[in-house]
Protein chains: 2
Amino acid sequence: MALRHALLAALLDRELSGYQLTKLFDLDVSSFWHAASQQLYVDLAKLEADGLLTGHEVVQQGRPNKRVFRLTHAGLDELTRFTLAPTKPTSIRDDLLVKAYAARAADPGKLAAQLEQRAEQSRTKAQYLAEQLARLLEGRSEEEYLRTAENIGPYLAGTRGRMYEEEQAAWCSWAAAALRGR
Amino acid sequence: MALRHALLAALLDRELSGYQLTKLFDLDVSSFWHAASQQLYVDLAKLEADGLLTGHEVVQQGRPNKRVFRLTHAGLDELTRFTLAPTKPTSIRDDLLVKAYAARAADPGKLAAQLEQRAEQSRTKAQYLAEQLARLLEGRSEEEYLRTAENIGPYLAGTRGRMYEEEQAAWCSWAAAALRGR
DNA sequence: AGCCACATGTAAAGAGTTACATGATTCC
DNA sequence: GGAATCATGTAACTCTTTACATGTGGCT
């Protein structure tokens, strides 16, 4: 049920359309919460029906019109309530790790190749996220940013995403090497 | 659809009952694929109906009888097929990160407290996983183990789980400190 | 008798994925 | 005209979660 809250959080200090959220979820948010664009539209509609968001048509020139969404007071309350509610620890759920777990049933070379490919993807994503984080700092030191910025949420969550991708890349390379050495 | 394959992989070189799998998934496997015990029984029944597993009643003394499951040839084939199939990158999906993302809507102290609590849980879990990994080595060096052991899958996947929990703990502590310093 | 570990499920509701669908506008 | 980007959805299916359900046997 956190997709709803991820959407609310993404709209905390700005108005965005479904399409803009799609791109945001593809790149930045996906590092800690993945969702397909279709699902975003479904949940945006529900959130609006529940009065947590309001949508406004924006007429554009040179491209199709869009509907941007804004948090309502009820939406902000709901988000605050969510941050206070207890959460159970969740963990990784990754096909690739299940494949590694099943290593004995796999062709070592082919599994290693998949791991190396994923390592590369994760490295790319980690780099992108690092750039985004650097952009948020706007020249300030991290320490200063965390003390003074208005909304440090995206920086905190984005940092976890960057760490995750870096670790994933490192583990994939290590596991691939282990398989290659057999 | 990887729960099926995680079950098959867990049965790669041993017979286990639903209850034993429950405990395995609670502790070891949960670090890379979480599943509730009810779901295990449902999927075990399906896997048996699909001919990928066979179940055998085991009469026990001093405790209720159990049914242990064993991979069939078809089950092993299916697992091998799975390891060859392409996989899309998946990522974290964690309520706690969404909460961090929504930091601006949260009470900093209360969110920090939740992060610190999670840091503690992750540290405990990382420690448990480290012990399990050390047990697998049976005194050998990691390098030797990876070269010579029969089935290195659990060690590879378990290592990722341990890394994840360690990183999670480190990030949680860092993020909590950032929130406390405001 | 009461509690705990062992042992195995069913049913309903909720969330997410996959496939399908449509249309506007710009640029080449 | 065709491709790419912008823009928004629906429907069917699969998977997961939550709540409910039941029973054995040892220990105190």
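Below, chains carry the letters A, B, ... as their sequence lines are ordered, and counting in each starts from 1.
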Would you call [X]-[Y] a salt bridge at under 4.0 Å N-O?
X: B:Arg67; Y: B:Glu15; result: no
X: A:Arg81; Y: A:Glu78; result: yes
X: A:Arg135; Y: A:Glu131; result: no
X: B:Lys88; Y: A:Asp95; result: no
X: B:Arg118; Y: B:Asp94; result: yes

Could you state the [atom1]-[atom2] distance from [X] to [N], rounded to the nearest angstrom?
X: A:Lys66; N: D:dG9; atom1: NZ; atom2: P; result: 14 Å
X: B:Arg93; N: C:dA15; atom1: CZ; atom2: C1'; result: 9 Å
X: A:Leu44; N: D:dT8; atom1: CG; atom2: P; result: 9 Å
X: A:Gln39; N: C:dT18; atom1: CD; atom2: C1'; result: 12 Å
X: A:Gln38; N: D:dA11; atom1: CD; atom2: P; result: 14 Å
X: A:Leu40; N: D:dG9; atom1: CG; atom2: P; result: 12 Å
X: B:Asp94; N: C:dG16; atom1: CG; atom2: P; result: 13 Å
X: A:Asp43; N: D:dT8; atom1: CG; atom2: P; result: 15 Å

Excluding sequence neighbours, so at least two apart, what forms ring-ring contact (aromatic ring centres under 6.0 Å, His included) with A:Phe82?
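Listed in chain order: A:His5.
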Please tell me which of A:Leu3 and B:Tyr41 maps to the more 5' nucleotide of DNA chain C, matching each residue to the nucleotide holding its nearest heavy atom.
B:Tyr41
Where each residue is assigned the nucleotide of DNA chain C containing its nearest heavy atom, which of B:Lys88 and B:Ser17 is assigned the position nearer the 5′ end?
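It is B:Ser17, whose closest nucleotide lies nearer the 5' terminus.
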When you get a sec, tell me which of C:dT18, C:dA7, D:dA7 is the closest nucleotide to the side chain of A:Tyr19?
D:dA7
Mind listing the residues from residues 47-57 of chain A sitting with a heavy atom below 4.0 Å of DNA chain C? Number order is fine.
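Under 4.0 Å from DNA chain C: no residue of residues 47-57 of chain A.
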Which donor-acceptor pairs under 3.5 Å do side chains of residues 103-113 of chain B form with protein atoms, sequence neighbours excluded?
| residue | atom | partner | partner atom | Å |
| --- | --- | --- | --- | --- |
| B:Arg104 | NH2 | A:Glu150 | OE1 | 2.6 |
| B:Asp107 | OD1 | B:Gly109 | N | 2.9 |
| B:Asp107 | OD1 | B:Lys110 | N | 3.0 |

Can a side-chain donor-acceptor contact be found between B:Ser122 and B:Glu165 if the only test is distance below 3.5 angstrom?
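Side-chain D/A pair, B:Glu165 to B:Ser122: present.
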Centre of B:Tyr164's six-membered ring, under 6.0 Å away, within 45 degrees of the axis: is that where NZ or CZ of A:Arg93 sits?
no
Looking only at heavy atoms, what is the nearest atom pair of B:Trp33 and B:Ala2, with distance?
CH2-CB, 3.5 Å
For nucleotides 23-28 of chain D, print each protein N/O atom paired with a nucleotide N/O atom at under 3.5 Å, atom names and distance only.
| residue | atom | partner | partner atom | Å |
| --- | --- | --- | --- | --- |
| D:dG25 | O3' | B:Gly62 | O | 3.2 |

Just to be sure I understand the geometry, which residues of residues 23-36 of chain A put a non-hydrogen atom under 4.0 Å away from DNA chain D?
none
Tell me, which pairs form a salt bridge (charged side-chain N to carboxylate O under 4.0 Å, His left out) where one or both residues lie in residues 20-31 of chain B, sequence neighbours left out?
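Those involving residues 20-31 of chain B do not exist here.
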